[in-house]
2 protein chains.
Amino acid sequence: MSADNVTDLQMIRGTRTVLDMVGSKWSVDVLYLLASGTRRYSEIFYEVGEISKKTLTQTLRSLERDGLIARRVFAEVPPKVEYSLTPLGWSITGPLMAMYEWTAEHMPDAAAA
Amino acid sequence: MSADNVTDLQMIRGTRTVLDMVGSKWSVDVLYLLASGTRRYSEIFYEVGEISKKTLTQTLRSLERDGLIARRVFAEVPPKVEYSLTPLGWSITGPLMAMYEWTAEHMPDAAAA
DNA sequence: CTGTATCCAGTAGGATACTG
DNA sequence: CAGTATCCTACTGGATACAG
């Protein structure tokens with residue numbers, strides 16, 4: 001019953017898994033944005049700011065593949081697609097906030113902007 | 001005294017700061033390795049495994065610039081250089097472990113390996 | 001032993017134009 | 001509106017050889 005039977009390799013792999021899921025340039029922006037409510041494609045596009053459509057689509061697809069966000073298509077004209085956080089997506093805001101809080105505590109200038 | 005006076009932008013910037021500090025391919029490996037004790041350049045090189053010297057040097061320099069690790073040179077022949085975690089480096093293992101624990105809880109297969 | 005120098009391939013991401 | 005298609009640049013990281 002050794003509770004600490006965790007190898008360095010497992011920790012590395014686990015940590016890198018998160019990094020690979022949220023490490024791309026705009027993932028955090030999209031995740032935090034959706035944390036404040038469901039959004040349409042164009043809303044995300046304009047609220048994030050300088051992102052290109054191609055990159056936004058790539059980011060959304062990647063987050064969707066990883067199960068962090070859900071994509072809902074409405075059969076309308078003109079098209080309407082809504083993105084929202086899944087429960088898994090919500091849960092990952094925990095580690096994300098841990099990162100923010102670390103900078104707030106240890107790198108006050110970085111958070112200032 | 002509004003404690004929750006934190007903007008999305010600050011959270012994004014803060015979170016991205018950590019991501020930029022530990023997001024490169026081998027940063028986590030090096031950090032976790034040094035968390036188990038000071039190491040020489042060649043020891044890191046062999047214990048990490050498939051990393052190239054160029055990339056290892058880049059990784060070490062980057063972590064050093066960010067203040068997460070310390071580099072100590074011994075004036076000997078042959079040369080000897082030791083790397084170790086700084087207090088700041090130790091502190092960042094917190095957010096890192098939060099990521100690992102998230103995978104352990106939400107992505108059991110990813111941690112299995 | 002601890003790097004540096006050089007060259008190279010793969011990939012992330014941006015700009016722009018076009019489509020169902 | 002919600003993307004795709006195409007082209008292009010910059011950067012990351014690997015391989016190999018060389019140096020102090």
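What you are looking at is a predicted structure, and each value in this text was computed from that prediction instead of being measured. We use all heavy atoms of the structure for the numbers below, so side chains are in, but hydrogens, waters and symmetry mates are not.
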Shortest non-hydrogen contact between Thr38(B) and Ser84(B), atoms and distance | OG1-CB, 3.3 Å

Kindly state which residues belonging to residues 75-85 of chain B come within less than 4.0 angstrom of DNA chain D, counting heavy atoms of the residue only, listed by number.
-> Pro79(B)

Would you say the side chains of Ser36(B) and Arg39(B) form a donor-acceptor pair under 3.5 Å?
-> yes

Could you list the residues that satisfy side chain to side chain contact (heavy atoms under 4.5 Å, CB included) with Val77(A), not counting sequence neighbours?
-> none

Considering non-hydrogen atoms only, spot the tightest contact between Val28(B) and Val22(B) and give its length.
-> CG2-O, 3.8 Å

DNA chain D: first to last nucleotide in contact with chain A (atom under 4.0 angstrom from a heavy atom), 5' to 3', is dC1(D) to dC7(D)

Taken in chain and number order and not counting sequence neighbours, the residues that satisfy side chain to side chain contact (heavy atoms under 4.5 Å, CB included) with Glu50(B) are Trp26(B)

Determine the minimum heavy-atom distance between Lys25(B) and Asp29(B), stating which atoms define it.
-> O-OD1, 3.9 Å

Output all residues satisfying salt bridge (charged side-chain N to carboxylate O under 4.0 Å, His left out) with Asp20(A), sequence neighbours left out; order by chain, then residue number.
-> Arg16(A)

Throw together a table of side-chain donor-acceptor distances under 3.5 angstrom for residues 56-66 of chain A, partners on residues two or more places apart or in other chains.
{"unit_1": "Thr57(A)", "atom_1": "OG1", "unit_2": "Tyr41(A)", "atom_2": "OH", "d": "3.0"}
{"unit_1": "Thr57(A)", "atom_1": "OG1", "unit_2": "Lys53(A)", "atom_2": "O", "d": "3.0"}
{"unit_1": "Thr59(A)", "atom_1": "OG1", "unit_2": "Thr55(A)", "atom_2": "O", "d": "2.8"}

Round to the nearest Å and state the distance from Glu50(A) atom CD to dA15(C) atom C1'.
-> 14 Å

Closest non-hydrogen contact found for Tyr32(B) with Met11(A) is CE2-CE, 3.4 Å

Anything under 3.5 Å between a donor and an acceptor, one on a side chain of residues 87-99 of chain B, the other on a protein residue two or more places apart or in another chain? List them.
{"unit_1": "Ser91(B)", "atom_1": "OG", "unit_2": "Trp102(A)", "atom_2": "NE1", "d": "2.9"}
{"unit_1": "Ser91(B)", "atom_1": "OG", "unit_2": "Leu88(B)", "atom_2": "O", "d": "2.6"}
{"unit_1": "Thr93(B)", "atom_1": "OG1", "unit_2": "Trp90(B)", "atom_2": "O", "d": "2.5"}

For the residue pair Tyr83(A) and Leu34(A), what are the closest heavy atoms and their distance?
-> O-CD2, 3.5 Å

What integer distance in Å separates Ile51(A):CD1 from dA15(C):C1'?
-> 14 Å

Arg40(B): partners by side chain to side chain donor-acceptor pair (under 3.5 Å), with sequence neighbours left out | none

Specify the residue among Lys53(A) and Thr57(B) whose closest nucleotide of DNA chain C lies further upstream toward the 5′ end.
-> Thr57(B)

Sorted by chain and residue number, the salt bridge (charged side-chain N to carboxylate O under 4.0 Å, His left out) partners of Glu43(B) (sequence neighbours excluded) come out as none

So how far off straight is the helix from dC1(C)-dG20(D) to dG20(C)-dC1(D), going by the axes through five pairs at either end, to 10°?
-> 50°

In residues 35-47 of chain A, what residues come within less than 4.0 Å of DNA chain D, judged by heavy atoms?
-> Arg40(A), Tyr41(A), Ser42(A)

Nearest heavy-atom contact between Thr17(B) and Arg13(B) is OG1-O, 2.7 Å

Taking only N/O atoms, report every protein-nucleotides 9-13 of chain C pair under 3.5 Å with atom names and distance.
{"unit_1": "dG13(C)", "atom_1": "OP1", "unit_2": "Lys25(A)", "atom_2": "N", "d": "2.8"}
{"unit_1": "dG13(C)", "atom_1": "N7", "unit_2": "Lys54(A)", "atom_2": "NZ", "d": "3.1"}
{"unit_1": "dG13(C)", "atom_1": "O6", "unit_2": "Lys54(A)", "atom_2": "NZ", "d": "3.2"}

Evaluate whether atom CZ of Phe74(B) has more than 12 neighbouring non-hydrogen atoms of other residues, nucleotides or ligands under 6.0 angstrom away.
-> yes

